[in-house]
Amino acid sequence: MTQLGLIGLGKMGGNMRDRVRAAGIEVVGYDRNPDVSDVATVEELVSSLAAPRTVWVMVPAGEITSSVVADLAERLEPGDLVIDGGNSRFTEDERHAAMLDERGIRFLDVGVSGGIWGLENGYGLMVGGDEADVERTMPIFDALRPDGPREEGFVHAGGVGAGHYVKMVHNGIEYGLMQAYAEGFELLEASPIVSNVPGSFKAWQRGTVIRSWLLDLMVRALDADDDLSDIEGYVDDSGEGRWTVEEAIANAVPLPVISAALFARFESRQDDSPAMKAVAALRNQFGGHAVKPAE
């Protein structure tokens with residue numbers, strides 16, 4: 001029987017456990033929150049699985065992921081497999097893979113898309129690593145991915161790091177798409193002749209060239225708050241957009257849309273943009289254009 005150890009049972013990890021279990025695969029989950037954890041410790045998780053084990057790490061990227069992988073390197077045995085399914089930077093994958101390889105432990109990196117809707121709809125999976133390790137783990141990937149042709153929700157993108165690289169670019173594209181919808185919303189709201197902005201977005205859901213799942217989510221948000229007045233215009237970023245732009249610079253690939261979307265997020269965090277202050281001051285200096293006094 002296929003088994004899976006899953007470390008990290010947050011918004012995505014918990015739903016992933018449920019989806020994999022629904023496919024008939026035994027899942028042993030661990031989380032620091034005892035209310036959702038199946039076992040009390042990582043040691044207990046490892047001992048609950050039959051060798052060769054597969055342990056999926058679904059925790060925040062960065063130091064937390066690195067510490068969990070390092071801990072597993074001490075606990076697992078040769079032939080076991082570690083999967084990093086978080087949003088790690090692809091450059092970390094080679095380091096993690098090398099550390100585990102010293103102990104005979106295999107490694108895959110997996111970009112996972114689907115958010116809180118993955119339990120119902122399935123998760124888009126982008127995998128990096130050796131073909132044999134991918135084939136070994138395919139029952140789990142098939143349980144997680146959306147229904148339908150495998151190639152429409154799953155890709156073995158290349159060697160170690162390729163999965164997270166593809167997910168990085170995916171998220172960069174996501175930045176650009178969201179920014180385009182957001183700018184369209186702002187223009188419609190500003191128009192003196194458009195009185196039904198939510199209905200306009202809803203009308204785009206069928207038959208138009210800009211229909212998408214993100215558009216459906218925008219409509220859902222407008223159904224709950226038709227002018228988004230309950231939401232503050234502050235947008236964080238989890239890193240992938242920055243890494244995408246850095247890779248574009250390193251490879252001399254122009255990404256004007258994705259770059260602009262990233263910078264727009266930075267601007268959203270400023271109560272009063274210093275750059276816009278400078279633009280206003282310059283317009284006043286060269287053209288005598290009016291400036292709005294600070295309150």
Members other than Met126 in its cluster, when Ile, Leu, Val, Met, Phe, Trp, Tyr link by side-chain heavy atoms under 4.5 Å?
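Result for Met126 is Val155, Val166.
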
[Y] backbone acceptor or donor facing [X] side chain under 3.5 Å:
X	Y	answer
Asp109	His164	yes
Ser259	Pro256	no
His156	Gly129	yes
Thr41	Glu44	yes
Arg145	Gly148	yes
Asp130	Ala132	no

Ion pair [X]/[Y], N-O distance below 4.0 Å:
X	Y	value
Glu120	Arg19	no
Arg103	Asp80	no
Arg220	Asp216	no
Asp142	Arg150	yes

Hydrophobic cluster identity match, [X] and [Y], side-chain contacts under 4.5 Å:
X	Y	answer
Leu9	Val57	no
Val127	Met138	yes
Leu81	Val112	yes
Ile258	Phe90	yes
Met168	Leu214	yes

From [atom1] ([X]) to [atom2] ([Y]), nearest 0.5 Å:
X	Y	atom1	atom2	value
Asn33	Asp35	CG	CG	4.5 Å
Asn87	Glu240	CG	CD	4.0 Å
Leu6	Ile83	CG	CD1	9.5 Å
His96	Leu108	NE2	CG	14.0 Å
Glu92	Glu63	CD	CD	10.0 Å
Trp213	Gln205	CH2	CD	13.5 Å

Grab the two heavy atoms, one from [X] and one from [Y], that are nearest each other, plus how far apart they are.
X	Y	value
Gln179	Ala261	CB-CB, 3.8 Å
Ala97	Val160	CB-CG1, 4.0 Å
Gly79	Arg136	O-NH1, 2.9 Å
Val39	Ser48	CG1-OG, 4.2 Å

Beyond-backbone contact of [X] with [Y], side-chain heavy atoms, under 4.5 angstrom:
X	Y	result
Phe185	Leu187	no
Met16	Tyr123	yes
Val55	Leu45	yes
Pro146	Asn121	no
Asp38	Arg17	yes
Ile25	Ile140	yes
Gln3	Arg53	no
Asp101	Phe107	no

Can you sort out the partners of Asp223 under side chain to side chain donor-acceptor pair (under 3.5 Å), two or more places apart, ordered by chain and number?
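Residues passing side chain to side chain donor-acceptor pair (under 3.5 Å) with Asp223: Lys202.
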
Evaluate side chain to side chain donor-acceptor pair (under 3.5 Å) for Ser212 paired with Tyr181, printing each intermediate quantity in order.
CA-CA 11 Å; Ser212 72; Tyr181 285 128; 2.8 Å; yes

Should we count CZ of Arg21 as having more than 12 external heavy atoms under 6.0 Å?
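Result for CZ/Arg21: enclosed.
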
As a quick check of understanding, evaluate side chain to side chain contact (heavy atoms under 4.5 Å, CB included) for Ser200 and Val194, giving each step before the final call.
CA-CA 9 Å; Ser200 300; Val194 177; 4.2 Å; yes

Let me see the working for Ile7 and Val59 under side chain to side chain contact (heavy atoms under 4.5 Å, CB included), right down to the final yes or no.
CA-CA 7 Å; Ile7 298 177; Val59 300; 4.2 Å; yes

Should Arg106 and Val82 be marked as a side chain to side chain contact (heavy atoms under 4.5 Å, CB included) after you check the CA-CA gap, both sets of side-chain angles, and the distance that decides it?
CA-CA 6 Å; Arg106 310 300 300 162; Val82 173; over 6 Å; no

Would you list the atom pairs, donor with acceptor, under 3.5 Å between side chains in residues 246-255 and any protein atom, with sequence neighbours excluded?
from, atom 1, to, atom 2, distance (Å)
Glu246, OE1, Arg89, NH1, 3.1
Glu246, OE1, Arg89, NH2, 2.7
Glu247, OE1, Tyr165, OH, 2.8
Glu247, OE1, Asn251, ND2, 3.4
Asn251, ND2, Glu247, O, 2.9

Intermediate values then yes/no, side chain to side chain contact (heavy atoms under 4.5 Å, CB included), Val28 and Leu4
CA-CA 6 Å; Val28 180; Leu4 175 66; over 6 Å; no

Does the pair Asn15 and Lys11 meet the rule for a side chain to side chain donor-acceptor pair (under 3.5 Å), with working shown?
CA-CA 7 Å; Asn15 283 345; Lys11 293 178 182 178; over 6 Å; no

Would you verify whether the NZ or CZ of Arg265 falls within 45 degrees of the ring axis of Tyr175 while also being under 6.0 Å from that six-membered ring's centre?
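Yes, a cation-pi geometry.
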
Can you classify the ring geometry of Phe141 versus Trp56 as parallel (below 30°), tilted (30 to 60°) or perpendicular (above 60°)?
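Taking Trp56 first and then Phe141, their aromatic rings stand perpendicular (interplane angle over 60°).
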
Residue pair Ser66, Arg95: steps toward the side chain to side chain donor-acceptor pair (under 3.5 Å) verdict
CA-CA 9 Å; Ser66 293; Arg95 184 171 66 85; 3.0 Å; yes

